[in-house]
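All values below come from the heavy atoms of this structure, side chains included, with hydrogens, waters and symmetry mates left out. Just follow the structure's listing: the first ligand is 1, and inside any ligand the first atom is 1. Just so you know, residue 1 is the first one in the sequence shown, and it goes up from there.
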Amino acid sequence: MTQEQILQIFKETGAFLEGHFLLTSGLHSGHYIQCARVLEDPRKTEVLSVELAREIPEKNVDWVVGPALGGILLAYELSRAFKAKNAFTERVDGAMLLRRNFSIPPGSRVLVCEDVLTTGGSAVEVAKLIESLGAKVVGIAALVNRSGVVLPYPTASLLKLSISNYTIETCPLCKEGKPITKPGSRSSSVKL
Ligand code: ZN
C-alpha cells in the first residue's frame, strides 16, 4: 500500500483530521490523529497490521507488547500477524509496569508497538521494561510516526508524517483567526 492509500483509510475513518486543534499538551496543531477511529474497524485494523508487519524486517517474534490504552489493540492484531503472543503494559503512578500476571520469559523476542509515535517516550519505556525482564526487544512498530522521531531501536511505521505543533504565540492558524477545537473531548454518558 502507498502512503496515500494508508492516509486515505485514516481520513475515511476520521482517524486523521485537518483543522485547528488544541492538543492535550496545550500546543496547537493543524492536524489531529485519533487511531481509535481506525482501530474500531477490525477489518481495517487487520489490513493495516498485516501491512505494518511487512515493514518489520525481524520476522522471528515471540511476543508483541504495547502500552495501554493506545497499544493494546494494535499489539493484539500484530501478534496475530506474527503468530506471537501479546501483552500490554500499564502506567501506574508514572511508572510503566507489566501487570495482570503477564509473564514474558527471559530470552523472548519482543516487538514493542504503539499506535502513534510522537516523542516515542512510552514505546522506549516499554522496551526498557521488557529488557529488564531479560527479554530481547527486536524493534518498535507504530501505525503512525507523526513527527519523524528516531528511536534507539529498529523502528517501523506505516504512516510517516511530519506534523508541526505550535505554541499559541507561534500558531499560524491562530493568526488566521481560525476557530480552535479540542478533539477527543466529546464523550457520551448515561445518568443512572
Ligand atoms: Zn492556534
Not counting sequence neighbours, which residues clear ring-ring contact (aromatic ring centres under 6.0 Å, His included) with Y166? List them please.
-> none

So, are R100 and E90 salt-bridged, with charged N and O less than 4.0 Å apart?
-> yes

When L17, T118, D115, V144 are each screened for side-chain contact (heavy atoms from CB on, under 4.5 Å) with I33, the one that passes is V144

So the protein N/O/S atoms within less than 2.8 Å of the Zn ion (ligand 1) come down to H20 NE2, H28 ND1, C171 SG, C174 SG

Where do K160 and E55 land on the salt bridge (charged side-chain N to carboxylate O under 4.0 Å, His left out) test, with the steps shown first?
-> CA-CA 12 Å; K160 296 160 186 79; E55 296 274 320; 3.6 Å; yes

N/O donor-acceptor pair under 3.5 Å between T155 side chain and Y153 backbone = yes

Before accepting this row, confirm whether a basic side-chain N of the pair E125/K128 lies closer than 4.0 Å to the acidic partner's carboxylate O.
-> no

